[in-house]
Every structure is written in structure tokens, then in C-alpha cells.
Amino acid sequence: MEIVLGKMLLKQVGVTSPRTAGLITAAGHRTQRIVVGDTTGVVTCFGLKKTEPVIVFQTLPGPAVRRVLTLKDKIFVATNSQVRGISRKGKVFFEIDTCMSESILSLQVQDNHLYVAGEYTYSHYVDNKDVDYYMPGDRINDLLLVMMLDSAGKLRHAPVLACNDRALRLLKGSEVLLLMSLSSSPTALTAFHSTPGDSPPLPGLVVYGTNDGTVGMVKFEGALSEPMWEIPAAGRAAVTCVHMHDITGNGRCDLLVGRDDGTVQIFSFETPYDEPECIYSHRLPAAITALCGGKISSANYDEVIAVTFGGHVFCLSSDPARVHADDAVFEQESKRLEEEIAVLQAEVRRKQGDYDDISKELLRAQAKQPVPGPLSLSSAVLPDVRINLRFALQLHDASYLLSLETPNSIDTVVLQCDVPVDVLDVKDNTAAVSFCPMQPQDGNFLLAMYKCEPGATQLSVKIRSIEGKQGTLRAYVSPNGTPRVCRVEKMDIKALSLHSPSSEPFDPTRPNNKLELQGNFTLEEMHSWVAGCVPNVPVKAPPGNDVTFVFVSALLGTQLRCVYRAGSAVFTSDNISTIAILRDVMSRLASQRQRALTINCDMDEASCVHVLKLLKPKLDAQHHIAQQVNLLPALKELQAQEGAADQMLPEYRNILEHGDQLEKDFQLQPCFLERLHGMIADLYIDKYKFKGMQVTSQLPQLNQILADNDFEELVSFFDMIESSV
């Protein structure tokens, strides 16, 4: 079953942070009012009257609003370390300064209990007194209160933290009662409601969205947790917000999901514990920062309110009058607004020309008089360029997705990297790109400029890095506007950049290699070294004397286990190249810290053949695509001469039928085959480097074997030198 909703743009506010919108009820009204807070500190409350927004109240500008929580007719707003309670008429009835050292990013209120969380700390207040405090090892992405049954069978509220180390933490006081690991970092939480209205959520059920786009539900019961269902990411954008509301009107709450590419999805449930079905999907022009459902324009129809990063407030209505409205009306209104914008832009250009003329006259007048001193630009006020940036590893294709979004349209984006990377095409990318020749001697392995289309506020680029190369990717973002400014965003490319934390246990049955380090380093030092080498490692070391992490390669599926304590560290992997990279990086970092290391390596000979077998399907697939693309021009010419392809072999007919897709797949994987060959060459060099042998003279022969794609000969070649010694 699929549903159709009509879209309306209700209002635009300033740039918004995640989850800074909600709905409140008003006495004597059957419809609800919308509350939105933005980064200028303004909280706007408005309703709808005949589809036109009517402002109820609007606060004065101040510190940026980081979180908005609405409870019936009350509004709670978090700014910096303060929390304010605002009534439905705009009056402040509650205010507390938590004195936290960081801004409050998550907020929950229950009776006289206040739960707040910053980026790294969580606090619980009762009657404005701090009673509980907890600091996990990584960033806190969201905070939720879940109903739990205690030992006496009574319902109580328990806080759940969504942490960046791929874990949900159920707290009891200042302690972790239960920790549940997920496949990716949870970014948004909501309690599961089976029925709409004021009915409480089902005990222990938590719906979550993750950084890789996965949506799922878990159940907490006592000291146990159980995954209920999970919808895989399948290459989707990260989840920014989740919400429960009955949009279909069937008496069961639906799941609303917002993503950072602007997609809004609605999932419907047959039963509370079964996996839901997606019944609606629509993409808005900017990242979704907040979602809520209710009755806004009409008391008879349910609607979804979606707020974007740029401050646009959209309404997706189930009202048939909106669903079946003529699209030409929307197009006509859009054209009218575009014409008004064009007129305003022309006026701005004219005023800018007048300003330039006046400035030139002023400079000529100043030139005739002695200048007392050099002119200073220190008092110039530059516009604040806000960028919604995401740089995350995509596990399904072992590439990094770089997403940039600004409130105003983007003019150009320049990408520069000081290590070799591949730039992959993105399906929805419409920007024109130009590449400059590589200049490794100047530290420019990548220099590309993207010219965005007029009005574009988003740009997505895929980057594939090479493990063993550690550097920095810089994005120079220049939005349209006056004066022209540029903001630089820096992203680290780590030595093991294609490794990701894994929730699966380490497999000791594989042919594993081991690296052992002994020295006078502390636990915190070794943790910082690991974090500098592998992505998505918590900033602070977990509590305890021993730390264990398990990672998996997104490209090959090889594993890496890191076990370390003060003075000792052991790294185990079934890929000898991973061990070689770790040894080089750890040696360099220890030298910088002036720490003496004792290094021992234990290599399993069978691990090289094991990695080659993991690479074989990728090699065969790339060779097969390359062969088909090479045959395609000749087959097209033969088809043009013969007039039909009926006499061709089925294999050749299949190549012609899927020729466009083959060429597209081949273009989407530039240099991928070359990268695979480079990995095999590194594996060959690393194997014999651990034995103290130099085999660079054998690389031409290895390259010829790779070009012939003879796997049996490749395996034999890896043992050729050893057998001859």
C-alpha cells in the first residue's frame, strides 16, 4: 500500500540544527501549532489559517537554539548550557543554567526531572539539582526516555543514549545498565507508540536510525536487549530524525524517517513487532533536521511537518484537496517567486554597481589627500557561512560520501587532497567538474573544481582512498552572495581509512598475522595512536585497564583486532598489508612522542592466499566488465551493418542490450582495477618485507600475470621466490 501526500511550503526561518521543531496544542483549537527554533536564537510559533501562516509569538534573537522539545502546550528550548520553558503564549515559565562546559544538544523532560546531554556528557536534574552524571567514551548523538518495568512491576523512565561508538546505552542513575552494539552509529531515537493519541509508548521499545541509513527497533527488558527488526541501509543517506504518528488513519502509528539528503519516508506496521513497509517516500531540496506529525491545517486530516537545514518548513498533507491540487498552481507560484528573486538580484547588482562607483570616487578623493596610515580591514564584517558537512564511509561500495549543504546557493567547491584518491561519480550530481593535472611535488594529488547549477544548495561527491596513504582532504566552499567569501573544511584521510568498527566477533580460525608492541606508552597514548590510524574510534579510551576493538575492511572483508593496555599492544589481522601499515604508523608516532618500542611480528603464510581469494571475485568482475566494454564498439558496428542482432550469440546480444549500463558501470569505477592490482603488489612486497627481502625487481612479472588474469599462476608466483631459496 502506498499513500500520496500534497506538499506545501509554509514558512522559512533561519538555519536550523537537528531536532529543533515540534507541535503544541492550543486551548479551544482542534488544530496544532508549529514551533521552530533556528541558529539565530529565534523561536517561532505559528499556526495556519486557510493555509496561510499566522505567527502566535516570536522570541528575540540570541544564542543558537540547539534543541526544541514540545510537551502538549509547553515548549522547552536548549541554548548553550541553558534550558528555558516557554508557554503556548510565548511567556517564559521556567529557566535553568546547567553550567555544563558544552552546549546542550539533547533534551528530555518528565515531571520535575530534566535530562540533558551535550556532545560528550549526560546529566540528570531533579528539582534543578544535579543528581546523575555520565560521560561515555564517544559523542552522544541523541537522548531518549524509554518506559521500563522495574523489579516491582511498575513503569519507570530510563534514559537511553545513542552514542557514536555504535552503541545504545541504557542508564540507571550514573551507571550503564545495558549496552547494545549496532552495525552503525545511531543518530536518532524515538519511543515506539503502537496507537496514536496520549497513550504511553510500549515498554522497552526503541526505534533508531543510524549514520549509514539503517532503521531498526530494539527491545530493552530488565538487563537484556533484543533486536526486533532492522531495515538495511542499501546505500541510503544518514538518518537525521525519526518520529511516530498515525498518518494513514488506521489506528496504528506509522514511522516517519528524515534523512540528510532531504528524503522523507513513512513506514506502516501490520503488527508492532514486525518489520514495517515503506508506503511513502519524497525528497525535499535540503537535509531534513526535524520531523513531526499532527493536525495543522485541518482537524480532519493528518499531516507531516518537515523542517530542512536551510529553515524551510514544509507540510506534507493527506487532505484530498492538497493531494489532488493542480500541479500547475505550484509551478506557477514557483515561477512567480523565481521572477521576484531575479528582480531582487538585479536590484542588488544595480546597488552594488552604485556602491562600486561611490567607492572609486572616494578612493580618488582620498588619493589627493595624505593618508595618515595604512587602511585596515580588521573591522570588516564577513558573513557567517554555515555548512552542513558529512564525510562518512559507505560500507556497500567502500567509498566515502562527501555531502556539503549551505543555506544559500553554492557557486563553486574546490577539492584538494595531498594523498592519492579516486573521485567517483554520484547519480544525482549535476555540477560541472574540471580536474587539474596532479602535482605530487606540491602536495596536490587531487585538485578539482565543481561549478554548481544556479540555485543548488547541495553537492555530493564520492571519494575512494588508498589504505596506507595518510593525509587531508580539503573542501573550499564558495556560496553565492556579496561579499564573496570561502570557507575551508578539512577531513582526515587515515592510514586504514577503509576499515570500519564491527559488531561481529573476531574470527580466530582465519590465517591471522600478529603485531606485538611493547614500550613505555600509556593507555591513552596508544588509544590516540589507534584513533589516528583507524576511523570511527572514540575520542576517549573506554573505561578499564584493557581496550579491545574489532574492525572489518569495507573493501575486502578482512578483519583487524586491536587489544592494548598501558605498555603493551597486540594487533591481529588476516591481511599482512594491514599489519605492515600499522607497524609503520605506530613506529612513526612513537618516534614523534620519543617512546621506545619493541616490535615483534608473526606472519601466517596462508594469509596471502586467503586475501588473494577474497580479491578474486572483484578482479574477475572488473576484467569481465572491461572485456565487455571493449567488445561493445565492434558489436554496435556489426549491428549497424547487419541491421539486426538476431544472429548473434546470446552473450553478445546481452552486451548490446545492456551496453549503456555497462559503460556507466565502467565509468563509475575509474582506476578500480588498477587499485586492485596495486593492492596485490603491496601484498606481495609486504610479505617478503617481513622476511627481510626486496622483491621490487619482480613487479614487472607480477603486473603481466595480473594483466593476464591467471589466478593459479598468481598464487604460484607469490611462493616462487620462497621455493627457490
Q: Between Phe391 and Tyr400, does the ring centroid distance fall short of 6.0 Å?
A: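 That pair passes the under 6.0 Å test.
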
Q: Indicate the atoms forming the closest heavy-atom contact of Phe551 with Pro535, along with that distance.
A: CE2-O, 4.2 Å

Q: With sequence neighbours left out, which residue pairs that include part of residues 534-549 fulfil the side chain to side chain donor-acceptor pair (under 3.5 Å) condition?
A: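 As it turns out, the side chain to side chain donor-acceptor pair (under 3.5 Å) pairs with a partner in residues 534-549, which skip direct neighbours, are Asp546-Arg565.
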
Q: Should Asn112 and Val126 be marked as a side-chain contact (heavy atoms from CB on, under 4.5 Å) after you check the CA-CA gap, both sets of side-chain angles, and the distance that decides it?
A: CA-CA 6 Å; Asn112 60 337; Val126 179; 3.8 Å; yes

Q: Return the OH to OH distance between Tyr133 and Tyr125, rounded to the nearest 0.5 Å.
A: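 Spacing of OH (Tyr133) from OH (Tyr125) equals 9.5 Å.
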
Q: Apply side-chain contact (heavy atoms from CB on, under 4.5 Å) to residues Ile296 and Thr31 and explain how you reach the verdict.
A: CA-CA 5 Å; Ile296 296 92; Thr31 58; 5.9 Å; no

Q: List for me each residue that meets salt bridge (Lys or Arg N to Asp or Glu O under 4.0 Å) alongside Arg19, sequence neighbours excluded, and say none if there are none.
A: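 If we apply the salt bridge (Lys or Arg N to Asp or Glu O under 4.0 Å) test to Arg19, skipping adjacent residues, the hits are Asp142.
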
Q: Classify the ring geometry of His527 against Phe549: parallel below 30°, tilted from 30° to 60°, perpendicular beyond 60°.
A: tilted

Q: Name all residues meeting the salt bridge (Lys or Arg N to Asp or Glu O under 4.0 Å) criterion together with Lys295; count only those two or more places apart in sequence or in a different chain, and write none if there are none.
A: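 With neighbours one apart ignored, the set is Asp302.
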
Q: Is it true that a side-chain atom of Arg390 and a backbone atom of Asn211 form a donor plus acceptor pair closer than 3.5 Å?
A: yes

Q: Could you measure the distance from the CD atom of Glu489 to the CD1 atom of Ile387? Nearest 0.5 Å is fine.
A: 4.5 Å

Q: Check the pair Glu230 / Thr214 against side chain to side chain donor-acceptor pair (under 3.5 Å), numbers first and verdict last.
A: CA-CA 7 Å; Glu230 188 175 78; Thr214 299; 5.3 Å; no

Q: List the residues meeting side-chain hydrogen bond (donor to acceptor under 3.5 Å, both in side chains) with His113, not counting sequence neighbours, and say none if there are none.
A: His124

Q: Out of Val43, Thr39, Val36, which residue meets the side chain to side chain contact (heavy atoms under 4.5 Å, CB included) rule with Val13?
A: Val36

Q: State, to 0.1 Å, how close Leu107 and Leu143 come at their nearest heavy-atom pair, and which atoms those are.
A: N-CD2, 4.4 Å

Q: Show the nearest heavy-atom pair for residues Ile305 and Cys315, with the distance to one decimal.
A: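 The pair with the smallest heavy-atom distance is CD1-CB, 3.9 Å.
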
Q: Which residue in the set Val35, Leu71, Ile34 passes side chain to side chain contact (heavy atoms under 4.5 Å, CB included) when paired with Ile24?
A: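 Answer after filtering Val35, Leu71, Ile34: Val35.
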
Q: Just wondering, do Ile104 and Arg67 contact through their side chains at under 4.5 Å, heavy atoms?
A: no

Q: Any side-chain to backbone donor/acceptor pair from Asp38 onto Thr40? Under 3.5 Å, distance only.
A: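 It does hold such a pair.
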
Q: Has Glu102 got a side-chain atom pairing as donor or acceptor with Thr121's backbone, closer than 3.5 angstrom?
A: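 Present.
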
Q: Which value, rounded to the nearest 0.5 Å, describes the distance between Ser106 atom OG and Leu161 atom CG?
A: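 Separation between the atoms: 8.5 Å.
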
Q: Using modelled atom types only, decide if a donor and an acceptor are shared between the side chain of Ser185 and the backbone of Asn164 within a distance under 3.5 Å.
A: yes

Q: Take Val239 and Val215 through the test side-chain contact (heavy atoms from CB on, under 4.5 Å) and record every step on the way to the result.
A: CA-CA 8 Å; Val239 176; Val215 179; 4.0 Å; yes

Q: Taking side chain as C-beta onward, heavy atoms only, is Asp254 less than 4.5 Å from Asp246?
A: yes

Q: How far does OG1 of Thr522 sit from OH of Tyr564, to the nearest 0.5 angstrom?
A: 11.0 Å

Q: Would you name the heavy atoms of Ser298 and Glu303 that are closest together and state the gap between them?
A: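 Shortest heavy-atom contact: N-OE1, 4.2 Å.
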
Q: Between CG of Leu168 and SG of Cys163, what distance do you get to the nearest 0.5 Å?
A: 8.0 Å

Q: Treating Ser123 as the side-chain partner and Val116 as the backbone partner, does any N or O pair qualify as donor plus acceptor under 3.5 Å?
A: no

Q: So does Phe269 get a backbone contact from the side chain of Arg252, meaning a donor-acceptor N/O pair under 3.5 Å?
A: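 Here the side-chain-to-backbone pair exists.
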
Q: Please check if any side-chain donor atom of Thr16 sits under 3.5 Å from a side-chain acceptor atom of Thr289, or the reverse.
A: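 Note: Thr16 and Thr289 side chains meet the donor-acceptor criterion.
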
Q: Please, which pairs that meet side chain to side chain donor-acceptor pair (under 3.5 Å) have at least one residue in residues 80-90, sequence neighbours excluded?
A: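 For residues 80-90, and leaving out neighbouring residues, the side chain to side chain donor-acceptor pair (under 3.5 Å) pairs sorted by first residue read Asp73-Arg88, Ser81-Asp97.
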
Q: Side chains of Ser225 and Leu178: does their closest heavy-atom pair fall under 4.5 Å?
A: yes

Q: Any non-hydrogen side-chain atom of Ser181 less than 4.5 Å from a side-chain atom of Leu179?
A: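 Of all side-chain heavy-atom pairs linking Leu179 with Ser181, at least one is under 4.5 Å.
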
Q: Any donor-acceptor pair under 3.5 Å linking the side-chain atoms of Gln58 with those of Thr44?
A: yes

Q: Is it the case that the side chain of Asp260 and the backbone of Ala237 share a donor-acceptor pair, with hydrogens and angles ignored and the cut-off at 3.5 Å?
A: no

Q: Taking Val550's backbone N and O only, do any of them form a donor-acceptor pair with Ser502's side chain (distance below 3.5 Å, no angle check)?
A: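 Side chain of Ser502 to backbone of Val550, a donor-acceptor pair under 3.5 Å: no, none is there.
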
Q: Just verifying a value: how many Å separate Ile75 CD1 and Phe94 CZ, rounded to the nearest 0.5 Å?
A: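 Reported to 0.5 Å precision, the distance equals 14.5 Å.
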
Q: Looking at every non-hydrogen atom in both residues, tell me the closest pair between Phe192 and Val207 and how far apart they are.
A: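 Distance-wise, the nearest heavy atoms are CD1-CG2, 3.9 Å.
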
Q: Would you please name every residue forming a ring-ring contact (aromatic ring centres under 6.0 Å, His included) with Tyr208, sequence neighbours left out?
A: none

Q: Looking at side-chain heavy atoms only, is the closest gap between Ile288 and Cys241 below 4.5 Å?
A: yes

Q: Quick one: do Leu284 and Lys7 satisfy side-chain contact (heavy atoms from CB on, under 4.5 Å)? Show the steps, please.
A: CA-CA 10 Å; Leu284 296 175; Lys7 182 178 73 173; 3.6 Å; yes

Q: Without swapping roles, check the side chain of Arg487 against the backbone of Val385 for a donor-acceptor pair under 3.5 Å.
A: yes

Q: Restricting to non-hydrogen atoms, name the atom on Val477 and the atom on Leu404 that form the minimum distance, rounded to 0.1 Å.
A: CG2-CD1, 4.0 Å

Q: Quick one, Ser281 and Thr263 - any side-chain contact, counting heavy atoms below 4.5 Å?
A: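 A side-chain contact under 4.5 Å exists here.
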
Q: Given 3.5 Å as the limit, does a donor-acceptor pair link the side chain of Thr70 with the main chain of Leu23, or not?
A: yes

Q: Side-chain contact test, heavy atoms from C-beta onward, threshold under 4.5 Å: evaluate it for Ile55 versus Lys11 and give yes or no.
A: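 Touching, per the 4.5 Å side-chain cut-off.
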
Q: Within the structure provided, determine whether Gln108 and Pro159 are in side-chain contact (heavy-atom separation under 4.5 Å).
A: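 Result no, sub-4.5 Å side-chain heavy-atom pair not found.
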
